Amino acid sequence: MAARLDGAAVTGTARRGKYLWLVLDGEDALLAHLGMSGQMLITSPDFPVAAHERARFTFTDGGHDLRFDDQRTFGHLMYDEGGAVLPSPIAHIGRDPFDPLFDQAAVVARIKSRRTGIKRVLLDQTVVSGIGNIYADEALWAAKVHGEVAASSLSKPRISALIDAARDVMDAALAQGGTSFDSLYVDVAGTSGYFARSLNAYGLAGQPCKRCGTPIVREKFMNRSSHFCPVCQRKRY
DNA sequence: CCTGAGCCCTGGGGGC
DNA sequence: TGCCCCCAGGGCTCAG
């Protein structure tokens with residue numbers, strides 16, 4: 001990878017869902033996924049080496065380095081030849097709700113065709129990308145939908161409203177720099193976001209629902225957690 | 001097809 | 001203090 005990157009020019013940046021890539025010489029891609037704990041940091045060259053620095057990119061036009069830090073190593077970097085427009089390893093990843101070509105009617109129809117639980121579908125990155133565990137819980141809370149409801153049992157307008165809720169909550173989170181619980185979650189300057197203060201369900205087990213006062217419930221789900229209001233978010237309605 | 005389980009890792013926090 | 005267990009913005013593969 002280092003050999004192929006040597007002398008390459010970064011001519012653009014792109015993203016699809018949770019994947020991001022640097023366009024190299026207009027043709028190739030340096031593809032990255034941050035996993036759970038990855039960070040892309042733009043730093044001064046004399047900035048100290050972090051405990052979990054995995055890669056460092058230096059530039060000939062002076063100024064800053066680009067560093068990839070990752071504590072848990074669930075993140076990864078890949079060089080993809082010819083991947084400038086869409087790297088081949090992520091061809092199966094669906095467009096995210098911020099993509100200008102995101103076809104909401106088509107996504108709604110595809111979700112409607114699934115009989116599994118709606119939260120599982122929201123997290124399926126081949127259907128709609130970019131939604132993770134936090135924003136799935138927040139979108140479900142906002143749209144008053146229980147995550148275990150069969151996707152096929154929801155009406156198309158309700159599914160569409162759920163996607164709108166996911167887009168809205170991610171938009172609001174972006175405006176505040178994201179959801180940071182600790183120093184693992186930072187932007188390229190190492191700054192934490194403030195959206196954790198605005199959460200309505202995620203991580204709030206036992207605390208009163210901000211709509212109805214009923215304590216938020218936490219349940220195990222796919223080796224993770226789901227948080228929801230047992231009154232606002234009905235399994236049947 | 002769909003689903004759940006397991007796994008890839010490190011580190012922080014709580015209970016004993 | 002040490003030890004153990006649980007937990008963490010994710011996603012892949014595999015068996016059934």
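In what follows, chains carry the letters A, B, and so on, assigned in the order in which the sequence lines appear, proteins first and then strands, with residues in each chain numbered from 1. Just so it is clear, the structure is predicted and the values come from calculations on it, not from any experiment.
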Legend entry - Strand partner of dC1(B), provided both Watson-Crick or wobble distances fall under 3.5 Å: none
Legend entry - Nearest-Å distance once atom P is located in both dG11(B) and dG11(C): 22 Å
Inset, instruction - Provide, to the nearest angstrom, the distance between the CG atom belonging to Asp69(A) and the P atom belonging to dG11(B). - result: 13 Å
Inset, instruction - Go through dC9(B), dA8(C), dT10(B) for me and flag the one nearest to the Gln71(A) side chain. - result: dT10(B)
Inset, instruction - Please determine, for dC9(B), whether a Watson-Crick or G-U wobble partner exists with both distances under 3.5 Å, and give it or none. - result: none
Legend entry - Whole angstrom value for the distance that separates P of dC1(B) from CZ of Arg115(A): 14 Å
Legend entry - P-based separation of dC9(B) from dC3(C) [nearest Å]: 23 Å
Inset, instruction - Considering just the side-chain nitrogens and oxygens of Ser225(A), establish if one lies under 4.0 Å of OP1 or OP2 belonging to dA8(C). - result: yes
Inset, instruction - Quick one, give me the B/S/- string for nucleotides 10-16 of chain C, reading 5' to 3', where B means a protein heavy atom under 4.0 Å from the base and S means that only happens at the primed atoms, P, OP1 or OP2. - result: BBS----
Inset, instruction - Ignoring hydrogens and angles, tell me if any N or O in the side chain of Asp25(A) forms a donor-acceptor pair with the backbone of Ala9(A) under 3.5 Å. - result: yes
Inset, instruction - Of all the heavy-atom pairs spanning Arg95(A) and Leu101(A), show the shortest one and how long it is. - result: CD-O, 3.5 Å
Legend entry - Separation of atom CD in Gln39(A) from atom P in dG11(B), rounded to whole Å: 13 Å
Inset, instruction - Grab the two heavy atoms, one from Val149(A) and one from Lys235(A), that are nearest each other, plus how far apart they are. - result: CG2-O, 3.5 Å
Inset, instruction - Return no unless some side-chain N or O of Lys220(A) is found under 4.0 Å from OP1 or OP2 of dC7(C). - result: yes
Legend entry - Under 3.5 Å: donor-acceptor pair, side chain of Ser37(A), backbone of Arg72(A): yes
Legend entry - Six-ring centre of Trp141(A), Arg211(A) cation under 6.0 angstrom, axis tolerance 45°: yes
Legend entry - Residue met sooner reading DNA chain B from 5', once Arg114(A) and His52(A) are mapped to nucleotides: Arg114(A)
Inset, instruction - Would you mind classifying the nucleic acid contact of Ser180(A) as base, sugar-phosphate or nothing, using non-hydrogen atoms under 4.0 angstrom? - result: base
Inset, instruction - Please determine if a side-chain N or O atom of Thr116(A) lies less than 4.0 Å away from the OP1 or OP2 oxygen of dT3(B). - result: yes
Inset, instruction - Quick one: label Arg218(A) by what it contacts on the DNA or RNA (base, sugar-phosphate, nothing), any heavy atom closer than 4.0 Å. - result: sugar-phosphate
Inset, instruction - Round to the nearest Å and state the distance from Phe221(A) atom CZ to dC6(C) atom P. - result: 20 Å
Legend entry - Flag, side chain of Thr11(A) to backbone of Gly26(A), donor-acceptor distance under 3.5 Å: yes
Inset, instruction - Keeping to residues at least two apart or across chains, list the salt bridge (Lys or Arg N to Asp or Glu O under 4.0 Å) pairs with something in residues 168-194 of chain A. - result: none
